[in-house]
Amino acid sequence: MAMAVSEIAAHVAAGGRLSFADALEFYTSAPTELLGRLGDAARERRHPGGVVTYIIDRNVNYTNVCVARCKFCAFYRPVGSAEGYTLGFDEIFAKIEETIRLGGVQLLLQGGHNPDVPLRWYEDLFRQVKARYPEFKLHALSPPEVLHISRLSQLSVPEVIDRLIAAGLDSIPGGGAEILVDRVRKILNCYNKATADEWLDVMRQAHRAGLRTTATMMYGTAETVEERLEHLFRLRELQDETGGFTAFIAWSFQPQHTELGGIEATGIEYLRTLAISRLVLDNFDSLQASWVTQGGKVGQLSLAYGANDMGSVMIEENVVRAAGAEYCMDEFEVVRNIENAGFVPKRRNMHYDILGDPIFREREVPRMLELAVARPDGSVGETDDMRAYEARSAAAKRARSHDTAR
Ligand code: SF4
């Protein structure tokens, strides 16, 4: 049986671990202000001195072609679509160079499940990136993408991970988790891309192979409150086992232009979810504020509800924007929000090592007042270098055998 809210608060304040029943009682019944106060105290225990971190990296979506067809996704295009694209290596190198000019240290590289992009493409890309930019990091391929590559190449998940590491993979982003409960995944049509167990197992294998990863949660679709908590408890369990997660990021489903549709969860629900996540995930160091979905103002408030990190400055974004949210914050804006909330901003890498103070205070950095997109000219299709790779779909086979590629 769950304790009363006041007893739970005292238990948590003393550093006690939340049981499922108590987490449920607290998430549903505790006043928002109390949740925030305890979330904030838990943050301060782990991150004393009011340091709030952020990373300068670039979110690149190398392809929007996807066979998964998740109902909450407004980004993907089906195989053979006239609006499908796959970036060429030179386009990706140009993005890396622009990122480095802004003080950036890594790419967050994710894309659709494209049957015409084989494992060798990723290996070649990663090797070439590392040869050109040895210090630059690749935070790439969420668990469902790793599974997709494993199925496509008929290699096991550990083999795929090993090969990607050998080519230059540095860490794995926690995307594609949505809600780690199969009932919900079936409704959202993301059960086939990865079951809850499969998602967790890719992370387990990645941690075993020595990679650090993040974890995410997209709430506000078809799940119950109990299922949100089940998601958090499954993450806590795996973190107890491996200790491989660096951070957790929650965001609300962005409904515009998606098959699922509906309305977006409110800002208060976001802050309550963030705070309960901080309290349940007592073995996670870092919690990011999702200002990309919540906007700068709620993003800033997140720092009073348990978040200790502002995530990434936003140079490029394609996925959330396709679903109707478009918030641009360059380093100057991120730092202004952190300082205005009474915290000390520090630049970090994916491992949360502090790299220094804001880069714009060290040297001239161009302001980024508008988000970049996958292809600035809005063009579609794939580049000529894809001809070196085996196509699986009839459409790509046709395109690669004709002179129509870029
Ligand atoms: S969320 Fe990812 S896997 Fe699902 S349809 Fe969109 S691009 Fe494909």
Side-chain angles (χ1 to χ4, degrees), residues 27 32-33 35-37 39-40 42-43 52-57 59 72-75 108 110 173-175 177-179 214-221 223 225 228 231-232 247-258 260-281 284 286-343 345 368-371:
Y27 187 28
T32 303
E33 167 276 326
L35 266 165
R37 194 146 40 85
D40 190 49
R43 174 203 55 76
V52 166
T53 46
Y54 63 92
I55 186 167
I56 306 181
D57 71 355
N59 192 345
F72 53 84
C73 178
F75 167 70
L108 164 54
Q110 300 179 105
E178 330 310 356
I179 292 287
T214 55
T216 65
M217 171 167 83
M218 180 191 68
Y219 68 93
T221 55
E223 83 284 354
V225 172
R228 283 183 200 173
H231 178 101
L232 295 177
F248 172 76
I249 313 123
W251 65 82
S252 55
F253 163 55
Q254 305 293 308
Q256 239 181 297
H257 310 303
T258 65
L260 192 64
I263 50 169
E264 190 188 340
T266 67
I268 289 294
E269 198 167 351
Y270 171 73
L271 294 172
R272 294 182 66 88
T273 304
L274 176 70
I276 197 72
S277 303
R278 174 56 95 182
L279 299 179
V280 170
L281 298 175
F284 275 64
S286 288
L287 260 77
Q288 287 185 19
S290 177
W291 58 263
V292 178
T293 58
Q294 308 302 313
K297 294 184 176 69
V298 175
Q300 191 185 29
L301 268 177
S302 305
L303 302 178
Y305 283 77
N308 65 295
D309 186 272
M310 286 291 265
S312 172
V313 310
M314 223 11 92
I315 299 172
E316 172 168 343
E317 212 294 310
N318 303 287
V319 176
V320 177
R321 175 175 17 209
E326 189 174 333
Y327 297 108
C328 181
M329 270 219 265
D330 65 359
E331 194 199 23
F332 183 85
E333 265 306 294
V334 168
V335 166
R336 192 171 76 91
N337 273 274
I338 295 172
E339 288 181 337
N340 180 251
F343 292 92
M368 291 286 288
L369 301 173
E370 242 177 75
L371 283 175

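For the pair Pro345 and Val52, the minimum side-chain heavy-atom distance is 4.5 Å or more. Contact check for Thr216 versus Trp251: side-chain heavy atoms found under the 4.5 Å cut-off. Taking the side chain as every heavy atom from C-beta outward, Thr293 and Phe253 never approach each other to under 4.5 Å. A 4.5 Å side-chain heavy-atom check between Ser302 and Trp291 finds every atom pair outside the cut-off.
Between Phe248 and Phe284, the two ring planes are perpendicular [angle over 60°; tilted spans 30° to 60°].
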Starting from the C-alpha separation in whole Å, work towards a yes-or-no answer on side chain to side chain contact (heavy atoms under 4.5 Å, CB included) for Val335 and Tyr54. CA-CA 9 Å; Val335 166; Tyr54 63 92; 3.7 Å; yes
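Looking only at atom types and distance, the side chain of Gln288 has no donor-acceptor partner in the side chain of Ser290 under 3.5 Å away.
No donor-acceptor pair closer than 3.5 Å links the side chain of Gln294 to the backbone N or O of Val292. Put simply, the side chain of His257 never gets that close to the backbone of Phe75: no donor and acceptor are under 3.5 Å apart. Within the 3.5 Å criterion, the main-chain N or O of Glu223 finds no donor-acceptor partner in the side chain of Arg228.
What you find for His231 and Glu178 is that their closest heavy atoms are CE1-O, 3.2 Å.
Listed by chain and residue number, nothing satisfies the ring-ring contact (aromatic ring centres under 6.0 Å, His included) test with Phe72 (two or more places apart in sequence, or in another chain).
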